[in-house]
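Working notes for the structure below.
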Amino acid sequence: MLKLINVSKSYESAADIREDVLTDINLKVEKGKSLAIIGPSGSGKSTLLNLIGALDRPTAGSVIIDGTDLASQTDTQLAAIRNKRIGFVFQLHHLLPQCSVLENILLPTLADKSSQADDCKQRAMDLLEQVDLKNKMLHRPSQLSGGQRQRVAVVRALINEPDFLLADEPTGSLDKNNSENIAKLLIDINQRQNVTLIVVTHSTQLAEHMDEMLMLINGKLKNITE
Ligand SMILES: Nc1ncnc2c1ncn2[C@@H]1O[C@H](COP(=O)(O)OP(=O)(O)OP(=O)(O)O)[C@@H](O)[C@H]1O
Ligand SMILES: [Mg+2]
């Protein structure tokens, strides 16, 4: 289970001006559930997702993943949590242009010396088959369509069998058809593999498929699930 207790985040800019982006956020997400976070641009959605994904630390409060308070973890321990337990899909996919699809997907497995290269490769190919891209595994990202790249980014986020899949505007740069495909893929993974799914999105269509929908506004989360 994921728990946020009184989480606040402020940024201090060079001119000594403080911006309070998140104030006293409380949130509980049970294992295997899905949650959509919506809200205006600049309201702090990416900031919040980065805290949940152990990419950043809160100014105050606790982020607790299955009983472990992330504040008690060293940077090295946080890196291990990110690598093993959390899959992140970024808006602009962040695939390495010089690597093939397969190499991009296998990148997160390299950090774990105990993982067997052959097993990882087999898993990558199985996942690529699920998203209909096995025939593209030796292509480079520039040789793929936007929707295909985003599917590769989802596969890469899943390669280490994470407990949490965090997606920041996964359909932001896609047309309607591709958005729907990515939405279906995320929901399918959440339901079939019991992966907890948290999606930041502008798409109410995607948000409506989630168990819960929250809006981030003025630093607070509001429940807007019907
Ligand atoms: N590293 C940073 N340093 C200073 N301020 C930051 C930093 N990151 C974000 N901010 C500020 O925090 C606020 C929230 O930003 P954030 O990226 O979380 O918004 P968002 O809800 O994801 O917006 P969008 O929908 O446009 O992606 C913004 O005002 C932004 O300028
Ligand atoms: Mg954002």
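Given the structure is predicted, the values throughout are model-derived calculations rather than measurements. Counting starts at 1 for both ligands and their atoms, in listed order.
For G44, a nitrogen or oxygen atom sits less than 3.5 Å from a nitrogen or oxygen atom of ligand 1, counting backbone and side chain alike.
Looking only at side-chain heavy atoms (C-beta outward), I189 and L197 stay at 4.5 Å or farther from each other. In this structure, the side chains of V155 and L133 stay at 4.5 Å or more apart for every pair of heavy atoms.
For ligand 1, the atoms sitting less than 4.0 Å from at least one non-hydrogen atom of S43 are 19 (O), 21 (O), numbered in the order shown with element in parentheses.
The shortest contact between atom 14 (C) of ligand 1 and any protein heavy atom is with G42 O, 3.3 Å. Closest to atom 25 (O) of ligand 1, if we only count protein heavy atoms, is K45 NZ, 2.7 Å. Of all protein heavy atoms, the one closest to atom 17 (O) of ligand 1 is S46 CB, 3.8 Å. With respect to atom 29 (O) of ligand 1, the closest heavy atom belonging to the protein is E19 OE2, 2.8 Å. Ranking the protein heavy atoms by distance from atom 6 (C) of ligand 1 puts Y11 CD1, 3.2 Å first. Of the protein's heavy atoms, S41 OG, 2.6 Å lies nearest to atom 26 (O) of ligand 1.
No donor-acceptor pair closer than 3.5 Å links the side chain of K33 to the backbone N or O of D211.
Residue contacts with ligand 1, taken as heavy atom pairs separated by less than 4.0 Å, involve T47 via backbone and side-chain atoms alike. Using a 4.0 Å cut-off between heavy atoms, S13 makes no contact with ligand 1 at all.
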